[in-house]
Amino acid sequence: MQNQKTIKQSASQSGIGLHSGTPVDLKINPGKENEGIVFIRTDLPGRPKIHATAKNVTSTVRATTLEENGIKVFTVEHLMSALNVCGIDNCEIELNSEEPPVLNGNSEDFFRLIKSAGIVEQSAERREIKLEKVYRIDADDGKRFVAALPYNGFRVSFVSINPHPLVGIQYRDFEITQEVYEKEIAPARTIAYEKEIEALRAHGLGLGGTIENVIVYNDERWLNELKYKDELVRHKILDLIGDIRLAGIFDCHLIAAASGHALNTALAKKIYADFC
């Protein structure tokens, strides 16, 4: 058995939300044993809490939304991804808005923020989640899926399928360690098709997106420089690592084909239901 972990000291970050475009201040504080990861809306009366667990996922439209007692936070996947890789069981995340800052459109700054705060082991043992069977979620179209297999370690294999010739089929397979994550995954940004941006903003989405925090492409070219030739699939892996954290921290081999937040969180809910 492993012991639970939290951060050593508080750490703060400010910015704007990717979809809301709203300014937000974020502060991560050490958490109590067995508390889990808890978002606290400091902008609302009574400072309501939203626990970051799979059962609280209520929407997966362009981001993962958590809701508890009618209070929401959304686009939590990038922060949750960094917390997962850092092995953080317990922390309190104060937000004075409904969405964490987008920062660079990835999890790089969140990862560094957690590392700078320090990671400490607590006395209580971590709740054991040991997969003894394959968990799989298939999309209705029969073409997309995500699965978690028993594995001694943490590995992700992902194939991304996009009909656009600039993107195409991308595949990556990583044994996830903090070192690999920091170098190969955390810097990968979210992606958008230029023709979709106007429609997204009309629906109140992507209002905080810029050429600095989103990879944008059109029918002819990329509008900004890629950090990796296969940055899309790396970001998909980043998102999957964040979404699966909603089930807990555990060893597994995640295998996915064109999966997104809906399938990712459905898998997290399935695992969570068996162990919580």
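The analysis underlying the following values was restricted to heavy atoms, covering all of them including side chains, and did not include hydrogens, waters or symmetry mates.
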**Student:** So, for Leu103 and Ser14, which heavy atoms are closest and what is the spacing to 0.1 Å?
**Tutor:** CD2-O, 3.7 Å
**Student:** Under 4.5 Å between any side-chain heavy atoms of Val57 and Asp243, yes or no?
**Tutor:** no
**Student:** Working to the nearest 0.5 Å, report the span between OH of Tyr135 and NZ of Lys270.
**Tutor:** 8.5 Å
**Student:** Could you tell me which non-hydrogen atom of Ala247 sits nearest to which non-hydrogen atom of Ile129, and how far apart they are?
**Tutor:** O-CD1, 3.2 Å
**Student:** Taking all non-hydrogen atoms of both residues, which atom of His164 and which atom of Asn162 are closest, and how far apart?
**Tutor:** N-OD1, 2.9 Å
**Student:** Out of curiosity, does Leu246 fall in the hydrophobic cluster containing Phe39 (side-chain heavy atoms, cut-off under 4.5 Å, transitive links)?
**Tutor:** yes
**Student:** Going from CD on Glu92 to CD1 on Ile7, what distance comes out if it is rounded to the nearest 0.5 angstrom?
**Tutor:** 10.0 Å
**Student:** If every non-hydrogen atom of Arg126 is compared with every non-hydrogen atom of Gly87, which pair is closest and at what distance?
**Tutor:** NH2-O, 3.2 Å
**Student:** Pro100 versus His78: any side-chain heavy-atom pair under 4.5 Å?
**Tutor:** no
**Student:** Identify the heavy atoms of Val61 and Ser59 that sit nearest to each other, and give their distance.
**Tutor:** N-OG, 3.5 Å
**Student:** Given side chains that start at C-beta, do those of Trp222 and Val167 come closer than 4.5 Å, heavy atoms only?
**Tutor:** yes
**Student:** Could you list the residues that satisfy salt bridge (Lys or Arg N to Asp or Glu O under 4.0 Å) with Asp239, not counting sequence neighbours?
**Tutor:** none
**Student:** Decide yes or no for Asn96 and Val24: does some side-chain heavy atom of the first lie under 4.5 Å from some side-chain heavy atom of the second?
**Tutor:** yes
**Student:** Will you find, in the side chains of Glu68 and Asn56, an N or O donor that is under 3.5 Å from an N or O acceptor?
**Tutor:** yes
**Student:** Sub-3.5 Å donor-acceptor pair from the side chain of Arg41 to the main-chain atoms of Ser97, do we have one?
**Tutor:** yes
**Student:** So do Glu182 and Thr177 actually touch side chain to side chain, heavy atoms under 4.5 Å?
**Tutor:** no
**Student:** Tell me if a side-chain donor or acceptor on Ser160 pairs with a main-chain N or O of Ile169 at a distance below 3.5 Å.
**Tutor:** no
**Student:** Not counting sequence neighbours, which residues clear side-chain hydrogen bond (donor to acceptor under 3.5 Å, both in side chains) with Tyr228? List them please.
**Tutor:** none
**Student:** Might you work through the side chain to side chain contact (heavy atoms under 4.5 Å, CB included) test for Val214 and Val102, ending with a clear yes or no?
**Tutor:** CA-CA 10 Å; Val214 178; Val102 60; 5.8 Å; no
**Student:** Determine whether Leu267 and Phe250 fall in the same hydrophobic cluster, where Ile, Leu, Val, Met, Phe, Trp and Tyr are linked whenever their side-chain heavy atoms lie under 4.5 Å apart.
**Tutor:** yes
**Student:** Test of understanding: clusters of I, L, V, M, F, W, Y form through side-chain heavy atoms closer than 4.5 Å, transitively. Do Leu113 and Ile37 belong to the same one?
**Tutor:** yes
**Student:** Looking at Glu184 and Arg234, is any side-chain nitrogen of the basic one under 4.0 Å from a carboxylate oxygen of the acidic one?
**Tutor:** yes
**Student:** Does Asn90 use its side chain to pair, donor to acceptor, with the backbone of Gly36 at less than 3.5 Å?
**Tutor:** yes
**Student:** With a 4.0 Å cut-off, would you call Arg136 and Asp138 a salt bridge?
**Tutor:** yes
**Student:** For Asn34 and Gln4, which I'm curious about, is there any donor-acceptor pair between the side chains at under 3.5 Å?
**Tutor:** yes
**Student:** Report yes if some heavy atom in the side chain of Ser10 is under 4.5 Å from a heavy atom in the side chain of Pro30; otherwise report no.
**Tutor:** yes
**Student:** Going by heavy atoms in the side chains, are Val38 and His51 under 4.5 Å from each other?
**Tutor:** yes
**Student:** Among side-chain atoms of His235 and Asn106, is any donor-acceptor pair under 3.5 angstrom?
**Tutor:** no
**Student:** Take atom NZ of Lys227 as the centre, draw a 6.0 Å sphere, and report whether it contains more than 12 heavy atoms from other residues, nucleotides or ligands.
**Tutor:** yes
**Student:** Any donor-acceptor pair under 3.5 Å linking the side chain of Asn3 with the backbone of Gln122?
**Tutor:** yes
**Student:** Could you give me the CA-CA distance, side-chain angles and deciding distance for Thr75 and Glu99, then say whether side-chain hydrogen bond (donor to acceptor under 3.5 Å, both in side chains) is met?
**Tutor:** CA-CA 6 Å; Thr75 322; Glu99 186 181 23; 2.7 Å; yes
**Student:** Rounded to the nearest 0.5 Å, what separation is found between the CD atom of Glu231 and the CD atom of Gln170?
**Tutor:** 9.5 Å
**Student:** If you draw a 6.0 Å radius around NZ in Lys72, do more than 12 non-hydrogen atoms from other residues or ligands fall strictly inside?
**Tutor:** no
**Student:** What is the distance from atom CZ of Arg62 to atom NE2 of His261, rounded to the nearest 0.5 Å?
**Tutor:** 9.5 Å
**Student:** Is it the case that Asp109 and Gln13 place a side-chain donor and acceptor less than 3.5 Å from each other?
**Tutor:** no
**Student:** Please check if atom CG in Asn69 has more than 12 non-hydrogen atoms from other residues, nucleotides or ligands closer than 6.0 Å.
**Tutor:** no
**Student:** Measure up the Phe111 and Tyr181 rings against each other and bin them: parallel (under 30°), tilted (30 to 60°), perpendicular (over 60°).
**Tutor:** tilted
**Student:** Hydrophobic cluster membership, with links at side-chain heavy-atom distances under 4.5 Å among I/L/V/M/F/W/Y: are Ile191 and Val233 in one?
**Tutor:** no
**Student:** Is any side-chain heavy atom of Leu26 closer than 4.5 Å to a side-chain heavy atom of Ile28?
**Tutor:** yes
**Student:** Do Tyr171 and Leu240 sit in the same hydrophobic cluster, where Ile, Leu, Val, Met, Phe, Trp and Tyr count as joined when their side-chain heavy atoms come under 4.5 Å apart?
**Tutor:** no
**Student:** Could you tell me whether the side chain of Thr22 and the main chain of Gly17 form a donor-acceptor pair under 3.5 Å?
**Tutor:** no
**Student:** Side-chain donor-acceptor pair under 3.5 Å between Lys115 and Gln178, yes or no?
**Tutor:** yes
**Student:** Would you compute the distance between atom OG of Ser157 and atom CG of Leu149 and round it to the nearest 0.5 angstrom?
**Tutor:** 9.5 Å
**Student:** Rounded to the nearest 0.5 Å, what's the gap from CG on Asp251 to NZ on Lys130? Could you check?
**Tutor:** 9.5 Å
**Student:** If you take all heavy atoms of Ile185 and Leu238, which pair is closest and at what distance?
**Tutor:** O-CD1, 3.5 Å
**Student:** Under the criterion side chain to side chain contact (heavy atoms under 4.5 Å, CB included), I'd like the reasoning laid out for Ile241 against Phe154: C-alpha separation, chi angles, the key distance, then a yes or no.
**Tutor:** CA-CA 10 Å; Ile241 291 171; Phe154 188 22; 4.0 Å; yes
**Student:** Step by step, work out the side chain to side chain contact (heavy atoms under 4.5 Å, CB included) result for Leu131 and Phe275.
**Tutor:** CA-CA 10 Å; Leu131 302 190; Phe275 290 94; 4.0 Å; yes
**Student:** Please lay out, stage by stage, how Arg127 and Cys276 fare under the test side chain to side chain contact (heavy atoms under 4.5 Å, CB included).
**Tutor:** CA-CA 9 Å; Arg127 175 174 56 88; Cys276 298; 3.1 Å; yes
**Student:** Can you say whether the rings of Tyr151 and His253 are parallel (under 30°), tilted (30 to 60°) or perpendicular (over 60°)?
**Tutor:** tilted
**Student:** For Asp141, I'd like to know if atom CG has over 12 heavy atoms of other residues, nucleotides or ligands within 6.0 Å.
**Tutor:** yes
**Student:** Would you say the side chains of Asn264 and Ser259 form a donor-acceptor pair under 3.5 Å?
**Tutor:** yes
